[in-house]
Protein chains: 2
Amino acid sequence: MLNRAAAQRVRTFAPRTDIAREGEKPKDVHLILNGWACRYKQLEDGRRQIVSFFLPGDICDLNIFILREMDHSIGTITPVSIADLSREFFDEISTGYPRVATAFWWETLVNAAIQREWTMNLGQRTASERMAHLLCELFFRLRLAGLAEDNSCSFPLTQADLAEATGLSKVHVNRTLQELRANNLIVLKGKMLVLPDLERLMSAGLFNANYLHLDREGRQLDANE
Amino acid sequence: MLNRAAAQRVRTFAPRTDIAREGEKPKDVHLILNGWACRYKQLEDGRRQIVSFFLPGDICDLNIFILREMDHSIGTITPVSIADLSREFFDEISTGYPRVATAFWWETLVNAAIQREWTMNLGQRTASERMAHLLCELFFRLRLAGLAEDNSCSFPLTQADLAEATGLSKVHVNRTLQELRANNLIVLKGKMLVLPDLERLMSAGLFNANYLHLDREGRQLDANE
DNA sequence: GTACCATACTAACATAAGTTATTGAATGCG
DNA sequence: CGCATTCAATAACTTATGTTAGTATGGTAC
């Protein structure tokens, strides 16, 4: 499946550019092959909120073409390459391969669960809990994608990105990271994140991985499918 | 379709009770026939966040049974009656009626869009913007469901509910509502909400209805389908 | 009607987080 | 290599929102 996907149109984007913009008619489903991207929304006065991150292997909004226009934008963090999956390709795959269709639903439901957890994160957690939680989530997801070492991962987000994702100011993000550092919960330097004690970071962020549904009953695809 | 749904098992719940709980195995899809409910998440220390509201006609988490366990709870606000749609009923419907399947996708995508907007709401909007935005959203959705008059609707949420949905304290919710009242943006008394000037409330909340996708290209069901 | 409970409201005070501004350290570019 | 730009760090100060605690109001059960 993934091979066939890769055989579709592949495009690459520079860092800090838009893959799709709010207001556009959504045409394809995007599969992230490489790099980090994010979904964000913007208010008229410029306030910006990152509402989710895309890591390699993630699919943006299945069946999005059912909607008339995009209600958010998708932008890159690092250089990114994506495969565009057309509506036709997509329909064909999902009717022809029921297990693939199930896997698509799984992806959709997990994305929704992540979005709910973000709502919780912004609504209830304090700044440092919120930051710890976000770092845990990204680390777990990277690990699942095979992109993390034992206790570290590459980490291309700037403090400004973290501010837009957590709803905090840049200054407060800095303060919060200092605090996590002072407690030996993170080592973050030069696009590299080390988590010396994941357990403690998880409890600092009141992080419970259940919402990521890592068991993935419906996620039985292998690369040849 | 809706008739057949109603022919499934129907249950009623008292106000302020749980329909489903975090940790349970999700068995059915729930269709709200009557009343208001909400989805919420809770931290170990008791902090609670309402992550979405369900109004009559809403469906909770299509295909949720693909996941192994619930990552959130569903509770009632008012008395509620629901139809439980079994996995089998659901599969049968969606394979037999492609337009229904499309409508299901539409529902799923709009719910995701609403969840993203909530993330934006909590992350970027001030208390009064946030409150104004939430009131606009509920009013638009009620109107779509045929449950609003010209500029008013029944409104069973307490200030405590609003606090849990907006991530504000109860006291600040009260202050915020006073402010909206003082600006003649709302009249809220005894379970009834009046919006004397929807346009102004919308701009106070930086509300743009695009994320609700009211055009609903994929939402062509009528009651007989 | 009285008692009770949930909800709404108010006030005084505490604090987490935002703002503005400056500096220093990396990083990339011509 | 030097310059420019982005990013990170810090400081001083402001403000939005939270906390605690109490009073008022309104519905409803007996």
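Chain letters run A, B, ... following the sequence lines, proteins first, then strands; residues in each count from 1. Please read these numbers as outputs of a predicted model, since none were measured by experiment.
Rounded to an integer number of Å, the gap from Q159(A) CD to dA26(C) C1' is 13 Å. Atom CD1 in I77(B) sits about 11 Å away from atom P in dT7(C), given to the nearest Å. Between the P atom of dT5(D) and the CZ atom of R16(A) lies a distance of 18 Å, rounded to the nearest Å. Atom P of nucleotide dC7(D) and atom CZ of F155(A) are separated by 14 Å, given to the nearest angstrom. Across the protein-nucleic acid pair, R130(A) atom CZ and dA16(C) atom C1' stand 10 Å apart, rounded to whole Å. When rounded to the nearest whole Å, the span between CG of L162(B) and P of dC9(C) equals 11 Å. The distance from atom CG of L122(B) to atom P of dA17(C) is 14 Å, rounded to the nearest whole Å. One atom, CD of Q124(A), and another, P of dA17(C), lie 13 Å apart when rounded to the nearest Å.
Checking E117(A) against H72(B) by side-chain atom types alone, no donor-acceptor pair falls below 3.5 Å. In the model, Q49(B) has no side-chain atom that pairs as donor or acceptor with a side-chain atom of T119(A) under 3.5 Å.
Checked by atom type and distance alone, the side chain of R116(A) never pairs as donor or acceptor with a backbone atom of Y211(A) at under 3.5 Å. A side-chain donor-acceptor contact under 3.5 Å links R130(B) to the backbone of R125(B). In terms of modelled atom types and a separation under 3.5 Å, the side chain of T176(B) and the main chain of H172(B) share a donor-acceptor contact.
Closest-nucleotide positions on DNA chain C for R125(A) and K191(B) were compared, and the one nearer the 5' end corresponds to K191(B).
Within residues 167-184 of chain A, the residues that have a heavy atom under 4.0 Å from DNA chain D are, in order of number, V171(A), N174(A), R175(A), Q178(A), R181(A).
Salt bridge annotation for K25(A)-E69(A): absent, with no cationic side-chain nitrogen under 4.0 angstrom from a carboxylate oxygen.
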